[in-house]
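Inspection log for the structure reproduced underneath, given as structure tokens.
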There are 2 protein chains.
Amino acid sequence: MRTDERIALAMAELLRRQGYAATGINQLARAAGAPTGSIYHHFKGGKREVAAAALRQTGAAYIQLLPLLLDPHPDLATGVEAAFAAAARDMESTGWANMCPVGVVTAEIADVEPELREIAAEVMQVWVEEGSRYLAGRGLSEQEAHTVIHALLAALEGAFVLARGMRSAEPFLAAGRTLAVYVGALEAAEAAAGPAATAGAAGPAGPGPATGTGRPPTAGRA
Amino acid sequence: MRTDERIALAMAELLRRQGYAATGINQLARAAGAPTGSIYHHFKGGKREVAAAALRQTGAAYIQLLPLLLDPHPDLATGVEAAFAAAARDMESTGWANMCPVGVVTAEIADVEPELREIAAEVMQVWVEEGSRYLAGRGLSEQEAHTVIHALLAALEGAFVLARGMRSAEPFLAAGRTLAVYVGALEAAEAAAGPAATAGAAGPAGPGPATGTGRPPTAGRA
DNA sequence: GTCTATACTCTGATAGAC
DNA sequence: GTCTATCAGAGTATAGAC
């Protein structure tokens with residue numbers, strides 16, 4: 001692996017464990033196996049530029065997990081619930097430390113480091129765009145895909161925080177269940193209304209398992 | 001206001017804007033209007049002890065908002081949606097900076113400051129207990145109250161993070177809508193099953209507005 | 001490109017006068 | 001209890017040999 005890649009990767013790992021302010025250049029150099037001089041050679045902007053590269057890198061990697069986790073499940077609802085359970089297992093196996101660096105940095109220093117906040121915003125915007133495009137491809141309307149991806153990302157980042165504090169999988173499981181129910185109701189409604197409009201890659205995609213009431217959850221609430 | 005209260009309050013304010021590591025003692029002294037010596041007089045544990053006091057203080061204050069925000073609404077569903085909308089407005093009015101200090105500190109330094117993580121865990125545990133007790137008092141079963149409060153807290157903390165990064169109210173609105181739909185379905189189910197068991201403080205508490213299908217969202221999913 | 005040595009600033013914390 | 005002066009150490013960043 002190239003040196004600059006090693007440095008950015010080490011930074012991402014440190015960011016999600018201790019945040020930006022608590023991460024020092026010397027510590028980063030040790031973790032990356034490179035002297036401090038190399039860091040400033042590859043990243044003339046110093047610590048901030050390394051963090052920026054780390055955020056972009058992990059942001060791009062994270063959104064690829066969405067199709068990877070949801071594609072195997074024929075209906076979105078069970079896929080969402082399984083994805084949250086998988087996130088819980090992953091975090092528990094790392095001692096409740098493996099949070100998302102983008103979330104950590106945004107929470108920590110959004111106001112004091114405007115440049116990093118801007119990058120976090122770009123990353124999140126990509127999450128929303130690619131995520132809602134994927135969900136639309138799975139049969140949700142554009143508007144509902146937009147709502148679901150926002151709620152999903154919020155629930156995920158928040159579950160990271162709560163699970164990390166309480167050292168419990170329950171935030172993930174509860175968030176996964178409520179979202180799965182919401183998405184399941186949407187899917188049932190779309191299937192009942194017009195399954196012809198969106199010929200997704202999934203096979204039969206009939207109504208849910210034993211829950212096919214075909215009732216949308218009060219589409220236009222507010 | 002007493003000096004130690006002023007110090008803890010100033011710390012809470014700094015914590016939610018820049019996190020723990022980036023907040024210095026001198027900055028805290030300036031913000032609290034007290035010299036550094038006073039800080040160590042009132043908090044012999046130094047910076048860490050001040051942060052601990054700030055977390056406990058704001059944690060206790062935040063959970064009181066739950067009944068305050070939900071009591072005015074006869075059904076939980078609209079109350080939840082309104083509460084998330086209120087949080088979005090509050091955050092927007094402060095330039096997307098007013099995050100929850102407990103969430104910030106937990107995300108930032110849960111692993112590097114075990115003592116503060118422990119305190120955050122205690123605060124969150126109180127949130128879960130008092131929150132689920134309140135929700136049970138509003139008619140949810142104990143098990144569902146437990147699930148809803150976990151999902152609600154996760155969605156809230158996560159919405160803070162996303163909204164702060166993207167400077168958008170949408171994470172709050174989307175999270176509020178999905179949770180409101182979930183809670184609304186629960187309420188409709190309970191009302192249809194047996195409205196006698198839980199004689200809450202609410203009045204008629206009939207089925208939801210124009211959505212009274214009385215269909216539980218697949219109670220025992222997993 | 002890699003690595004060492006160092007300059008300069010700021011940190012948390014303390015001692016002690018008032 | 002309040003406040004000032006100061007310490008020892010860690011922080012980022014840089015200069016320059018290899």
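Numbered from 1 within each chain, the chains take letters A, B, ... in sequence-line order.
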Any Lys/Arg nitrogen of [X] or [Y] sitting under 4.0 Å from an Asp/Glu carboxylate oxygen of the other?
| X | Y | value |
| --- | --- | --- |
| Glu81(B) | Arg177(B) | yes |
| Arg164(A) | Asp111(B) | yes |
| Glu5(B) | Arg2(B) | yes |
| Glu113(B) | Arg48(B) | yes |

Rounding to an integer number of Å, can you tell me how far [X] [atom1] sits from [N] [atom2]?
| X | N | atom1 | atom2 | answer |
| --- | --- | --- | --- | --- |
| Glu49(B) | dT14(C) | CD | P | 12 Å |
| Ile7(B) | dA13(C) | CD1 | C1' | 15 Å |
| Glu5(B) | dG1(D) | CD | P | 13 Å |
| Leu14(B) | dG12(C) | CG | P | 11 Å |
| Tyr40(A) | dT4(C) | OH | P | 16 Å |
| Phe43(A) | dT14(D) | CZ | C1' | 18 Å |

Subject >> Tyr40(A) six-ring centre to Lys47(A) NZ/CZ under 6.0 Å and within 45° of normal >> reply: no

Subject >> Candidate nucleotides dT2(C), dG12(C), dA13(D), ranked by approach to the side chain of His41(A) - the nearest >> reply: dT2(C)

**OP:** Could you identify which residues of residues 19-39 of chain A place a heavy atom less than 4.0 Å from some atom of DNA chain D, listed by residue number, or say none?
**Re:** Thr23(A), Gly24(A), Ile25(A), Asn26(A), Thr36(A)

**OP:** Evaluate the ring planes of Phe160(B) and Phe172(B), with Trp represented by its six-membered ring, and classify them as parallel (under 30°), tilted (30 to 60°) or perpendicular (over 60°).
**Re:** perpendicular

